[in-house]
Amino acid sequence: VRAWEVSGAFGLENLVATERPDAEPGPGEVRVRVRAASLNFRDLLMARGRYNPRQPLPFVPCSDGAGVVDAVGAGVTRWKVGDRVCPIFAQSWHAGPPTRELLASTLGGPLDGTLREAMVVPEGALVATPAHLDDVEAATLPCAAVTAWSALAVHGGLKAGETVLVLGTGGVSIFALQIARLFGARVIATSSSDEKAARAVELGAHEVVNYRTHPEWWREVLRLTDGAGVDHVIEVGGAGTFDQSVRALRPGGHMALIGVLAGPAEINLTRMLMMNIRAQGIVVGHRAAFEEMNRALALHGVHPVIDRVFAFDEAPAAFAHLAGAGHLGKVCIRLD
Ligand SMILES: NC(=O)c1ccc[n+]([C@@H]2O[C@H](COP(=O)([O-])OP(=O)(O)OC[C@H]3O[C@@H](n4cnc5c(N)ncnc54)[C@H](OP(=O)(O)O)[C@@H]3O)[C@@H](O)[C@H]2O)c1
């Protein structure tokens with residue numbers, strides 16, 4: 001089967017097309033024909049060796065995908081041939097708190113990922129694709145959407161009427177916007193671009209602050225909340241946005257610590273404790289959260305926001321597109 005590998009050395013220039021054997025599923029395993037994959041910022045970091053410099057090469061990148069079960073091994077009870085499925089990000093993390101071992105079972109590094117025509121996985125490492133989504137749409141869910149769901153629904157305890165601040169308009173943030181709206185929350189977004197801001201408003205953001213024209217964007221967020229601050233922040237920037245995120249929160253507010261898009265910078269921890277901020281590190285989420293989210297997306301007919309779909313042969317161009325950060329929502333790859 002055709003596959004893309006990071007081979008020889010880290011770097012996007014070492015993303016190479018290759019062939020891998022079409023493996024048969026063993027007992028308790030399922031083979032999935034991958035129909036679509038999607039990219040996350042993590043895939044860029046992984047390919048460049050910045051996420052895990054000890055990742056053995058070669059490896060197949062990408063954690064996110066969707067496809068169809070085309071063979072099942074002995075004893076498999078959860079799936080049958082023809083079922084539409086998505087792999088879960090951490091293949092062994094089904095529910096409950098994570099362990100170091102469970103967190104080491106992630107696709108796209110250390111395990112081979114979804115950028116290949118077929119993959120064999122344990123039967124427990126899949127969820128059913130929501131019926132209202134096509135495969136490209138479903139391929140966006142395993143990492144970015146589950147992360148946003150874990151941040152707001154699992155750990156955040158989000159309630160109607162609360163205010164959620166999402167930073168930028170990348171994959172995680174746009175899912176957080178959509179999920180926050182599902183819960184009846186107000187959404188304030190930030191963005192580098194007025195065009196993206198307009199699109200974010202179309203998608204349901206109540207207000208958008210341009211962080212280029214307002215370098216001290218936290219002040220705008222406080223102004224928009226009559227000085228109160230927001231209840232939740234989807235912190236995808238990391239050190240470079242951390243201080244402003246703390247300032248934008250209400251006392252006792254919740255910070256979902258998710259990403260590393262901006263930085264490095266100095267962090268003022270004192271302000272955080274003086275404001276009684278609750279910070280929760282998020283590492284995607286477990287299968288139960290994925291299934292819970294899928295029920296909500298299906299019930300409300302929510303469709304992921306897709307920026308652009310590339311052909312399988314164009315995978316390097318898809319990575320370059322994500323690296324260019326001109327996208328809003330998800331960058332996908334279709335396997336025909
Ligand atoms: N912990 C986890 O479980 C988990 C899961 C998924 C992702 N992540 C992390 O979360 C981050 C986002 O991932 P993603 O896949 O959603 O990325 P992405 O789609 O590549 O997001 C890129 C967008 O982020 C915005 N951005 C960039 N720098 C920014 C800044 N300084 N301030 C505000 N916004 C900024 C830009 O949007 P605008 O042009 O609109 O500003 C940019 O287009 C990454 O660091 C990723 O590694 C973590």
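Here the structure is a predicted model, which means the values were calculated and not measured. Each ligand, and each atom within it, is numbered from 1 in the order the structure gives.
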Asker: Counting N and O atoms only, with roles assigned by atom type, does the side chain of Ser173 sit under 3.5 Å from a partner on the main chain of Gly170, one being a donor and the other an acceptor?
Answerer: no
Asker: Salt-bridged, Asp231 to Lys159, with N to O below 4.0 Å?
Answerer: no
Asker: Are Glu162 and Arg186 ion-paired here, with the side-chain N under 4.0 Å from a carboxylate O?
Answerer: no
Asker: I'd like the contact residues of ligand 1, where contact means a heavy atom below 4.0 Å.
Answerer: Asn40, Phe41, Cys143, Thr147, Leu167, Gly168, Thr169, Gly170, Gly171, Val172, Ser191, Ser192, Lys196, Tyr211, Val236, Thr241, Ile258, Gly259, Val260, Leu261, Ala262, Ile282, Val283, Val284, Leu322, Ala325, His327
Asker: My understanding is that only one of Phe89, Phe290, Phe183 makes a ring pair (Phe, Tyr, Trp, His ring centres under 6.0 Å) with Trp149; could you say which?
Answerer: Phe183
Asker: If you measure only the distance, is there a donor-acceptor pair under 3.5 Å linking the side chains of His232 and His254?
Answerer: yes
Asker: Please determine whether salt bridge (Lys or Arg N to Asp or Glu O under 4.0 Å) holds for the pair Arg33 and Asp22, giving the CA-CA distance in whole Å, both sets of side-chain angles, and the decisive distance to 0.1 Å.
Answerer: CA-CA 10 Å; Arg33 288 286 156 208; Asp22 198 4; 2.6 Å; yes
